[in-house]
There are 2 protein chains.
Amino acid sequence: MDDLDQEIKSISDNLSHVVPILGRIFIKGVRSKTNMTQQTLQTLGALWHHGKLTMTGIGHHLSVPKPHVTALVDRLIAEEMVERLNDENDRRIIYIQLTEKGRERFWEIKQIMTESLRASLLLVDKEKLHKLNESAQYINEILTEVGKTMIQNCSSSSECKKEIDV
Amino acid sequence: MDDLDQEIKSISDNLSHVVPILGRIFIKGVRSKTNMTQQTLQTLGALWHHGKLTMTGIGHHLSVPKPHVTALVDRLIAEEMVERLNDENDRRIIYIQLTEKGRERFWEIKQIMTESLRASLLLVDKEKLHKLNESAQYINEILTEVGKTMIQNCSSSSECKKEIDV
DNA sequence: ATTAATGGTTACAAAATTATAACTATTATC
DNA sequence: GATAATAGTTATAATTTTGTAACCATTAAT
């Protein structure tokens, strides 16, 4: 195993170990305070970040089967958190974007997430926080980039396999 | 808002944005290849990392209600992946640890996770990988530390509130 | 002009996750 | 010794998430 392999293995160990902790901070704690499901939270988060997304895009971002995205979005529309938007050039495509109400709501959610994180970091000193910030920034930068290029059109695990097994 | 607040807000934004991407790499992809649920994967991961954990400890680590931990562990015992272990001093406590089979199985799962990550990082150059490794290491170090001190005994959201609202 | 491919929906089923209440056994506290 | 607290289980229900297949409308390809 060469150096690069070793490095990827190390990244894998560290990042995978962090997943449940992040879930505890950013999902579980927030759910109980907002009555929103994980997928709803992540849908709003994706829309906040991207401005607008197609149905397929949302499914891709959350790794959720396409048919379920319809249900997910229907619920959010009923709550007036998001709205549909037709593409002018291709009438198959439907964009989803946050409504004003949705933006306000998700801004509040971001506050709650930040407070949840703050509570977890109470005992961490200033120096470490600063370094943590740089690390988080960098990881987000890289992963956001690779996130874009990850297998497109993977709206159900079967469709996914089809693409991967080529 | 002072500097420290600004910094925590930035960490919150960056880490929360990364959650669905990590889920895609380390959970969704792996589930379909292993027929294991997210919670099963994370239980094995926690046991791999900690050696042994009490039922309550597992619930805390995964933010899962205590009664559900019983079901979760029962399934893993049926598959001979983990085993119970009594505490000598306190007969209420039951430790759970990986069996030999469980260790082998999770080692394979770690391989799959690493491969999943490798596929995502294909286009990232060596320099960036190195910096990503350092960042991941640091984040894991800090979060593992705070993870330990996060609200103990929070095995259901209601119990959780009880603790928090003090 | 047919045919294939893409984006999205409908309908349905199965499995996983979350939430509670009530309970046993054991240990700690007064 | 009575009472409270802790660790874990049983039972049950509701909700969320995952997985398929078949389908419509629109666009791309031949």
Side-chain angles (χ1 to χ4, degrees), chain A residues 20 23-24 27-43 52-60 62-77 84-96 152-163, chain B residues 20 23-24 27-43 52-60 62-77 84-96 152-163:
Chain A
R24 209 150 79 213
I27 309 281
K28 308 284 177 143
V30 177
R31 280 201 54 173
S32 57
K33 290 197 183 62
T34 58
N35 287 325
M36 295 192 134
T37 70
Q38 168 165 7
Q39 290 179 350
T40 301
L41 286 172
Q42 292 187 348
T43 303
K52 64 181 181 183
L53 284 171
T54 62
M55 299 296 279
T56 307
I58 292 174
H60 172 234
L62 282 78
S63 308
V64 148
K66 239 178 358 181
H68 183 52
V69 176
T70 302
L72 219 53
V73 167
D74 280 350
R75 241 187 293 158
L76 284 170
I77 286 178
R84 289 177 214 265
L85 200 69
N86 291 318
D87 185 300
E88 310 239 310
N89 303 322
D90 187 337
R91 293 194 309 192
R92 290 171 302 182
I93 297 179
I94 297 173
Y95 289 106
I96 309 297
Q152 306 292 326
N153 299 319
C154 176
S155 43
S156 79
S157 64
S158 58
E159 279 188 54
C160 228
K161 273 179 217 150
K162 197 173 57 187
E163 300 278 332
Chain B
R24 210 151 77 212
I27 309 281
K28 309 284 178 142
V30 177
R31 278 200 56 173
S32 56
K33 291 197 183 65
T34 60
N35 287 323
M36 296 192 133
T37 70
Q38 169 165 6
Q39 290 179 349
T40 299
L41 287 172
Q42 291 187 349
T43 302
K52 64 181 181 184
L53 284 171
T54 63
M55 299 296 278
T56 307
I58 293 174
H60 173 235
L62 284 79
S63 309
V64 148
K66 238 177 1 179
H68 185 50
V69 176
T70 302
L72 219 54
V73 167
D74 280 350
R75 239 185 296 158
L76 283 171
I77 286 178
R84 289 179 214 266
L85 200 68
N86 290 319
D87 184 300
E88 310 239 310
N89 302 321
D90 188 336
R91 292 194 309 191
R92 290 171 300 180
I93 297 179
I94 296 173
Y95 289 106
I96 308 298
Q152 305 293 327
N153 299 320
C154 175
S155 44
S156 78
S157 65
S158 57
E159 280 187 53
C160 228
K161 273 178 217 151
K162 198 173 55 187
E163 300 277 332

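None of the values given here were measured: they were computed from a predicted structure. Only this structure's heavy atoms are used, side chains among them; waters, hydrogens and symmetry mates stay out. Note on naming: letters A, B, ... go to the chains in the order of the sequence lines (proteins, then strands), and numbering restarts at 1 for each one.
- Here the closest heavy-atom approach between residue B:Gln38 and residue B:Arg31 is recorded as N-CD, 3.9 Å.
- One end of the helix from C:dA1-D:dT30 to C:dC30-D:dG1 points its axis 30° away from the other end's axis, with each axis taken from 5 pairs and the angle rounded to 10°.
- Taking only side-chain nitrogens and oxygens, A:Thr56 comes nearer than 4.0 Å to OP1 or OP2 of C:dG8.
- Comparing A:Thr54 and A:Arg31 along DNA chain C, the residue whose closest nucleotide (by nearest heavy atom) sits nearer the 5' end is A:Thr54.
- Closest of all the heavy-atom pairs between B:Leu62 and A:Lys28 is O-NZ, 3.5 Å.
- A close approach under 4.0 Å does occur between a side-chain nitrogen or oxygen of A:Thr37 and OP1 or OP2 of D:dT17.
- Toward the 5′ end of DNA chain D lies the nearest nucleotide of B:Ile93, the other residue of the pair B:Lys28 and B:Ile93 mapping further downstream.
- Looking at every heavy atom in both residues, B:Asp90 comes nearest to B:Asp87 through N-OD1, 3.0 Å.
- Rounded to an integer number of Å, the gap from A:Gln38 CD to C:dA16 P is 16 Å.
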Under the criterion side chain to side chain contact (heavy atoms under 4.5 Å, CB included), I'd like the reasoning laid out for B:Thr37 against B:Arg75: C-alpha separation, chi angles, the key distance, then a yes or no.
CA-CA 11 Å; B:Thr37 70; B:Arg75 239 185 296 158; 4.1 Å; yes

Determine whether A:Ile77 and A:Val73 satisfy the following criterion, side chain to side chain contact (heavy atoms under 4.5 Å, CB included), listing intermediate values before the conclusion.
CA-CA 6 Å; A:Ile77 286 178; A:Val73 167; 3.7 Å; yes

Pairs under 3.5 Å (N/O, protein and nucleotides 9-12 of chain C):
residue, atom, partner, partner atom, Å
C:dT9, OP1, A:Arg84, NH1, 2.7
C:dT9, OP2, A:Thr70, OG1, 2.7

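- The separation between A:Met36 atom CE and D:dT15 atom P is 17 Å, rounded to whole Å.
- Between B:Tyr95 atom OH and D:dT6 atom C1' there is a gap of 13 Å when expressed in whole angstrom units.
- Atom NZ of residue B:Lys52 and atom CD1 of residue B:Ile96 lie 11.5 Å apart, to the nearest 0.5 angstrom.
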Please list, for nucleotides 23-30 of chain D, all pairs of protein and nucleotide N/O atoms separated by less than 3.5 Å.
residue, atom, partner, partner atom, Å
D:dT26, O2, A:Arg92, NH1, 3.4
D:dT27, OP1, A:Arg91, N, 2.8

Check the pair B:Asn86 / B:Ile94 against side chain to side chain contact (heavy atoms under 4.5 Å, CB included), numbers first and verdict last.
CA-CA 5 Å; B:Asn86 290 319; B:Ile94 296 173; 4.1 Å; yes

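- In this entry the distance linking CG of B:Leu62 with C1' of C:dA16 reads 13 Å, nearest Å.
- Between A:Arg24 atom CZ and C:dT18 atom P there is a gap of 14 Å when expressed in whole angstrom units.
- Protein atom CD of B:Gln39 is 14 Å distant from nucleotide atom C1' of D:dT18, rounded to whole Å.
- Here the straight-line distance linking atom CG of A:Leu76 with atom CD of A:Gln39 works out to 10.5 Å at 0.5 Å rounding.
- The two residues A:Leu41 and A:Ile27 make their nearest non-hydrogen contact at CD1-O, 4.4 Å.
- In this structure, CD of B:Gln42 is placed 12 Å from C1' of C:dT17, rounded to the nearest angstrom.
- Between B:Met55 and B:Thr70, the closest heavy-atom pair is CE-CA, 3.6 Å.
- Per the geometry, CG belonging to B:Asp87 stands 14 Å off C1' belonging to C:dA25, to the nearest Å.
- Distance check, rounded to the nearest 0.5 Å: OG1 of B:Thr56 to NZ of B:Lys66 gives 5.0 Å.
- Closest heavy-atom contact between B:Val64 and B:His68: CG1-CD2, 3.6 Å.
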